[in-house]
Protein chains: 2
Amino acid sequence: MSPTTTPAKSQSHVVISDPHPTTLSSAKVLEPRWERRKDARPGELAAAALELFIEKGFSATRLDDVARRAGVSKGTLYLYFDSKEELFKTVISEGIVSRIAEYEARMCEYEGSSADLLRDLISTWWEQIGATTLGGITKLMLSEAGNFPALAQYYHENVITRGMGLFDYVVKRGIERGEFRNVPTEYLPRLSAAPVVMLMLWRHSFDLCGCEQIEPKEYLALHTDMLIHALKLDPNQDKTSA
Amino acid sequence: MSPTTTPAKSQSHVVISDPHPTTLSSAKVLEPRWERRKDARPGELAAAALELFIEKGFSATRLDDVARRAGVSKGTLYLYFDSKEELFKTVISEGIVSRIAEYEARMCEYEGSSADLLRDLISTWWEQIGATTLGGITKLMLSEAGNFPALAQYYHENVITRGMGLFDYVVKRGIERGEFRNVPTEYLPRLSAAPVVMLMLWRHSFDLCGCEQIEPKEYLALHTDMLIHALKLDPNQDKTSA
DNA sequence: AAAATTACTGACTTATCAGTCATTAAGATA
DNA sequence: TATCTTAATGACTGATAAGTCAGTAATTTT
């Protein structure tokens with residue numbers, strides 16, 4: 001190993017960066033062993049941590065691995081985060097909230113039918129969150145809720161409740177405008193969201209280990225159709241359902 | 001605790017069997033420090049482990065805690081299980097499979113309407129699995145699927161696939177008998193099960209940390225109604241849906 | 001009652017990993 | 001080019017927890 005340098009002594013910090021292994025130009029560049037990228041590190045570390053937390057869970061994730069995946073040493077990680085737990089909190093708190101806020105705004109301006117809005121909500125959710133890394137946060141938070149109750153409450157208030165709120169808005173809008181039949185709305189948002197959430201969870205669990213894959217487009221299309229069908233006005237009556 | 005015995009005990013096996021503490025009857029009973037219960041231990045250990053795995057996850061659960069909850073020492077745990085991983089596998093593999101087999105048998109004999117069968121399936125599932133400790137296994141397996149791919153596959157084949165099979169049977173039965181409209185059945189079992197599974201997950205995560213509770217009966221009743229409504233025959237047509 | 005058996009104990013060993021810090025070198029400044 | 005600042009390193013420490021085993025005592029057998 002290391003043909004040109006490093007006699008024996010595998011000592012501290014003596015490793016050579018093997019600039020140009022074969023050519024003669026070796027003395028020329030000597031590209032640095034590492035770069036100073038103060039601004040980029042936190043984001044890269046958080047992204048690496050998110051991936052590993054989702055994959056292995058909080059406890060089973062080693063900070064050495066997080067650091068390596070982000071291309072730095074563990075010491076560097078501790079320059080930017082005080083502890084493993086703080087890193088976890090950072091990772092959870094980012095990302096999803098802003099997407100929800102965006103959609104809340106978009107929804108207020110919407111003019112078309114409530115059925116179409118529902119379709120749009122579900123497909124947008126999938127594209128913006130479910131299909132991305134953010135989708136894994138749900139699984140992560142679900143697994144760790146018991147170990148981080150305060151964080152779980154934060155997540156519940158800022159992500160789950162507001163996410164349900166989107167569905168709530170659509171359903172109520174549909175009923176008010178006479179497009180949907182008047183079902184009890186208490187648990188309707190949860191029911192509408194459940195299949196979407198399950199799909200996200202699936203993708204970050206059984207999907208990975210060679211089990212059958214789900215085709216998101218088809219699955220969600222069927223869900224949406226079923227939902228709209230279930231909300232259709234009864235043609236021959238106007239009494240509310242049981 | 002143990003009013004008559006155990007004075008201080010902190011030493012290495014030197015504990016004295018309590019000469020004459022206060023009463024005169026002391027010599028009489030001298031209840032043993034522990035009992036030999038070879039047959040009961042594995043079950044008790046597995047039950048304790050299940051609870052803690054569900055609560056904290058696999059990695060975050062300490063075997064000392066498992067042993068203590070089962071009322072034995074860690075050494076005893078290792079008399080009955082070779083490793084933490086084996087304990088985990090045992091805990092996962094037991095329980096649910098037999099419930100599913102039971103229901104498969106019951107379902108074959110069923111005579112009534114498919115809508116009623118669907119209602120029965122969902123409420124039975126909830127009572128037999130969801131509302132019991134078994135419900136937590138789902139969350140556990142979901143969290144740990146990435147760390148135990150082989151076990152995840154086993155679970156997928158023996159629990160998930162067969163559980164979905166129950167829904168599949170009902171839906172196909174309904175369509176064949178002309179009770180339900182002819183929707184594409186590929187993902188219908190998943191969609192029917194998703195809200196039930198989500199409810200189980202919820203109970204073992206956010207439900208615990210002071211977040212809003214779900215009322216299972218109402219939630220499941222609405223789900224069932226929505227589902228049956230979505231599967232109702234279209235009154236004025238017999239074309240299949242998109 | 002004494003001897004034999006074995007379920008059970010808990011201190012110990014060992015490995016792992018979160019968190020620290022003295023040292024190093026990249027890049028800015030003079 | 002030399003000097004200075006500080007981002008980055010990685011060997012080290014201490015704590016925690018999986019797994020072991022010599023010893024102890026509950027129960028059975030004689």
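The analysis underlying the following values was restricted to heavy atoms, covering all of them including side chains, and did not include hydrogens, waters or symmetry mates. So you know, we letter chains A, B, ... as the sequences are listed, proteins then strands, and number each from 1.
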So, does B:T76 get its side chain near the phosphate of C:dT9, meaning an N or O under 4.0 Å from OP1 or OP2? yes

Between B:T224 (side chain only) and B:L220 (backbone N and O only), is there a donor and an acceptor less than 3.5 Å apart? yes

Tell me: CD of B:E86 to P of D:dA18, nearest whole Å? 15 Å

Nearest-Å distance for atom pair CG/C1', residues B:L77 and C:dT9: 13 Å

Please work out if A:Y80 contacts a base, only the sugar-phosphate, or nothing of the nucleic acid, heavy-atom cut-off 4.0 Å. sugar-phosphate

Whole-Å distance separating the CG atom of A:L79 from the P atom of C:dC21: 13 Å

Rounded interatomic separation in angstrom, taking CZ from B:R37 and C1' from C:dC8: 12 Å

Phosphate oxygens OP1/OP2 of C:dT24: is one of them under 4.0 Å from a side-chain N or O of A:R33? no

Keeping A:H156 on the side-chain end and B:C211 on the backbone end, is there a donor-acceptor pair under 3.5 Å? no

What's the CD-C1' distance between A:E31 and C:dA25, to the nearest Å? 15 Å

How many whole angstroms separate atom NZ of A:K38 from atom C1' of C:dA28? 14 Å

Ion pair check, B:D65 and B:K56, cut-off under 4.0 Å: no

Going by side-chain contact (heavy atoms from CB on, under 4.5 Å), A:E94 matches just one of A:I92, A:T90, A:V97. Which one? A:T90

Sorted by chain and number, sequence neighbours left out, salt bridge (charged side-chain N to carboxylate O under 4.0 Å, His left out) with A:E44 holds for A:R37, A:R41

What is the per-nucleotide protein-contact pattern of nucleotides 12-19 of chain C, from the 5' end, where B denotes a base atom under 4.0 Å from a protein heavy atom, S denotes such proximity for sugar-phosphate atoms only, and - denotes neither? -----SBB

Nearest-Å distance, CZ (B:F88) to P (D:dA18)? 14 Å

Is a donor on one side and an acceptor on the other found under 3.5 Å between the side chain of B:Y187 and the backbone of A:I214? no

Can you check the B:R36 CZ to C:dA7 C1' distance for me, whole Å? 5 Å

Name the closest nucleotide to the B:V72 side chain, picking from C:dC8, C:dT9, C:dG27. C:dT9

Basic-acidic side-chain contact under 4.0 Å: B:E212, A:R190: yes

